[in-house]
Amino acid sequence: MLDKNYNPKDWEENIYKNWEAAGYFKPSMDKSKEPFCIVIPPANVTGVLHMGHALDYTLQDILTRYNRMQGKNVLWQPGTDHAGIATQMVVERNLAKQGVSRHDLGREKFIETVWKWREESGGTICRQLRRLGSSCDWSRERFTMDEGLSRAVRKIFVNMYKDGLIYKAKKLVNWDSKFMTAVSDLEVVQKEAMGKMYYYRYPIEGEEGNFVHIATTRPETMFGDTAVAISKDNEKLKHLIGKNCIVPIINKVIPIIADEHADPEKGTGAVKITPAHDFNDFEVGKRHNLPLVNVLNPDATLNENTPFAGMSTMQAREATIAKLTELGLMDKIEDHPMVIPYGDRSGVVIEPMMTDQWFVDAPKLAVEAIKKVENGEVQFLPKNYEKTYFEWMRNIQPWCISRQLWWGHQMPIWYGPDEYIFCEENEDEAKSAAKEFYGHEVELRRETDVLDTWFSSGLWAFSTLGWPDKSEFLDTFYPTSVLVTGFDIIFFWVARMMMMSLYAMKKIPFKTVYLHGLVRDEHGHKMSKSKGNTVNPIEMIDKYGADALRFFMAAMETQGRDINMSEARIAGYRNFATKLWNAARFGEMNQIDFGADFDENKAQGQVNRWIVAKAKKTTKEVSRSLNNFRFSDAANAVYQFVWGDFCDWYIEMSKPILYGENEIEKAETKAVFAWVLKRIMLILHPFMPFITTQIWNSLGMQDELMLQNWVRDEKIDTQAEEAVDWVIEVVSKIRSLRVEMNLPAGAKLKAYLQGASPAKDYLKDMDKIICSLARLEFLQIREDEATQDMVQVVTSKGVILLALQGVMDFAAECERLTKEITALEHNLRSYEAKLNNPAFVEKAPEKVVAEERRRQREASDKKKKLEEALTIIEKCMK
RNA sequence: GGGUGUGUAGCUCAGGUGGUUAGAGCGCUACGUUGACAUCGUAGAGGUCACAAGUUCGAGUCUUGUCAUACCCACCA
């Protein structure tokens, strides 16, 4: 039995528990079935569910449930990510509240704390995923730092190192001075800001009063200058090339060199070269063999190579300018728009810094990864993201994978006494390798750096399936079927997965990449905590049910475009669920037996045949749309069928039969009703798994809905469609006329059909239905002419004549209409006068004028309508 | 500087290969408690499909340009 009201909160969580307990999310592992697999984009363990997750996971669950219902062997592989920097940051912040720093604890204790913290709060996002209805196989849940995945990370690392694809190098990298670690290019965000350009001059060595003028946005780095560059094409300045100049304050002599990096058009044409703190200067330095002078400490304060050791860069900048001014070397300071790099997590300015770091040879790995997309083995949807992917991959830089953090996969690298590198999967192997190398046992020192989180995420498609061990799951499900993720993650994750998977497996990780957009607020602004415009999906679920939120996501998802949040719309889909709930209750109240088998092809009644055809058409449309990842088309097709065809028309049309005397018709209609409702449960289930299961179970169905088979390749009987579509047309037109002519709502009209076949034939079966829906006393066929008191309703298949005699008082109505028309005419005159007044039109605000025009148009339209009605009535009176 | 989107009803958005009268939800107006449902029903108002030119028998849809707007990448001494 169904409750009187639709209250999803009462049973959603319970239904989920039953599914999970029964093991329905596990793949069948039936070898004869086609495999289908999605690996979940691992959520940050520290995270809580946001709208982006809700979208991402809803789409995946729809695909998972749909394919499961296709009878495939389906695995949705879940898991979470250790999210190095993000997690370490959260735990450090927690510790700070107790006045403890990670250094107080030491590395080992700190990592213990992180693990403990994960145990306590790490399950949140997975619990929230369950609230959404996600049918992933939780028994296979993985974590990027669990034992198996850590082993995969070490193995890949060792292999790549030995293949020369991972190497250590002293390079200029992006340095985050808050976390005191290197970060990759992708973790740096460029922000525009108004800064200052400082113009000052360096004296030329041995030429009193001669200077080279330079311009810079970062004067405090001048202590790291090891040259000044000028273009050899710079006619004005090229005479200085070859001379030396003096860095003031520290009085250091540096050469003036020729380099094309110095654009004569920019700045002063002469550039100070600071190879240790600028990516361009670094390249210049390499070309000219310039020494590197580091002027910063890891926390971005100035070091002892400068006169301002210990100062922050901003303090040092001021001090430098003050000193230069004192020395009389400042020329000018100008406002200058510039782009400053910030750490995406730390929010502090990123400094290019010379350090020892580890790199993956991404340019080499990219070659295959590009090819597989070019040749179509991997397809991006929407397709234009392939261009973005190519663009990035073809210009890819070596990937800095080492992080000077504590939380993460410590690199499997050991150093011998002479710093010789041993890269092995564990300490024992490293030791024996060292023993072999040195001829005796030695003390080894392990590398303290950890790996970029995305290194382990990059292995996700195969590591979660059991790699490097032999695994039935790996054999069955790799390559996976489709990857669903946000477009913002293409570089971070999709590209890395392509490269790592192709390296490790020699096979693509997935066949299709479906990229969706961002969920924005209702006005299209990006959601952010600082703006305070975030919406919590769990709150939406509490308020409207998970099904409503899911359906919203599906219905809004078109071709990967961004989605604007709309609570009103979610409420609308809750209403849709209520509507369906009540339709099911209607069936229940009419003692419909849902358990009985029925061959829908045997239905005789027009209306029954019609709804069966519509149901099959909708099924086909949903299949076709989901096969092509057209989520909104699929959702809208079901929505329109359930609310429009089934509730608005079929239920109303079946009432006269259900309440009538014809037992044969009644029995068939009940059977068809049951068949259609069950079909709705089936095709709606991927979108709204909770309500469909609840109704299914409440109606006494024994088998589990989510394991039912989807129906394919049905014959659709299109013959019945035309008849019922005409009935709908007739009823709609009569209803319109009733309102337009102001007929009393309860008045029963006499109606006659003037028409030939097929309308006449349709009438045989359906006059009762038309009468009931259009509130007619009767509808008969009439061959002779219409009498005066009749109005014509023209339909596509014949004319319906409505007899108005006795329904309304013609004289009174005539008087009412005339009065109303007179009043409107009066109004129209006043609008016209106003709008013809040039003073009004020119001086009044545009809005007011437009409003006046709108009123005028409205009044004029209404007048026309009333006049038409009056004409009809006058005719009737004759 | 290079690239990718978007611009359709008051609001938020749909409109694969060009084809009757351009759709939906919300909002709005009028009416309505008829034996599933007021979380509802019936009817209705509301659009120069950003602008301009072109291709075509026919353009919201294709081409070119303009304007507006969002994002991505790179660079900026």
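Worth saying up front: this structure is predicted, and the values here are computed from it rather than measured. Numbered from 1 within each chain, the chains take letters A, B, ... in sequence-line order.
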message: Looking at every heavy atom in both T221(A) and T274(A), which two are closest together, and how far apart are they?
response: O-CG2, 3.4 Å
query: According to the interplanar angle, ranging from 0 to 90°, do the rings of F491(A) and W392(A) count as parallel (below 30°), tilted (30 to 60°) or perpendicular (above 60°)?
result: parallel
message: Any base atoms under 4.0 Å from R738(A), or only sugar-phosphate, or nothing? Heavy atoms, all strands.
response: nothing
field: Closest approach of K272(A) to Y200(A) (non-hydrogen atoms, all atoms of both residues)
entry: CE-OH, 3.7 Å
- prompt: Can you tell me if K670(A) uses its side chain to pair, donor with acceptor, with the backbone of N590(A) under 3.5 Å?
  reply: yes
- request: Using a 4.0 Å heavy-atom cut-off across all strands, classify A262(A) as base, sugar-phosphate, or nothing.
  value: base
message: Below the 4.0 Å mark, does G41(B) have OP1 or OP2 next to a side-chain nitrogen or oxygen of W643(A)?
response: yes
- request: Could you give the distance separating G60(B) and U21(B) at their C1' atoms, to the nearest angstrom?
  value: 15 Å
query: Is the aromatic ring centre of Y659(A) closer than 5.5 Å to the centre of the six-membered base ring of G35(B), with the two planes inclined by less than 30°?
result: yes
- line: Stems in RNA chain B, runs of 3 or more consecutive Watson-Crick or G-U wobble pairs with both distances under 3.5 Å, sorted by first number, are B:1-7 with B:67-73, B:10-13 with B:23-26, B:28-32 with B:40-44, B:50-54 with B:62-66
task: Measure from the side-chain heavy atoms of R735(A) and tell me the nearest of A43(B), G3(B), C37(B).
output: A43(B)
Face-on cation placement of R201(A) at F211(A) ring, 6.0 Å and 45° thresholds: yes
query: If you measure from the P atom in C11(B) to the same atom in U56(B), how many Å do you get, rounded?
result: 37 Å
message: Would you measure the distance from the C1' atom in G44(B) across to the matching atom in U6(B) and give it in whole Å?
response: 32 Å
- request: Give the nucleotide from the list A36(B), A43(B), U39(B) with an atom nearest to the side chain of C647(A).
  value: A36(B)
query: Within the side chain of K238(A), is there an N or O that forms a donor-acceptor pair under 3.5 Å with the backbone of S231(A)?
result: no
task: Please determine, for the side chain of R569(A), which listed nucleotide (A24(B), U6(B), C40(B)) has the closest atom?
output: A24(B)
query: How far, in whole Å, is A52(B) from C73(B) if one measures between their C1' atoms?
result: 32 Å
- request: Give a yes/no answer on whether the side chain of T388(A) brings an N or O atom under 4.0 Å of OP1 or OP2 in U4(B).
  value: no
message: Please report the distance separating the P of C13(B) from the corresponding atom of G1(B), rounded so that it comes out in whole Å.
response: 29 Å
task: Take atom C1' in A24(B) and the same atom in U8(B), then report the distance between them in whole Å.
output: 13 Å
Below 4.0 Å: OP1/OP2 of G15(B) and any side-chain N or O of T558(A): no
OP1 or OP2 of A36(B) under 4.0 Å from side-chain N/O of K4(A): no
task: Between U17(B) and C67(B), how far apart are the C1' atoms? Round to whole Å, please.
output: 30 Å
field: Side-chain donor-acceptor contact under 3.5 Å, N627(A) with R624(A)
entry: no
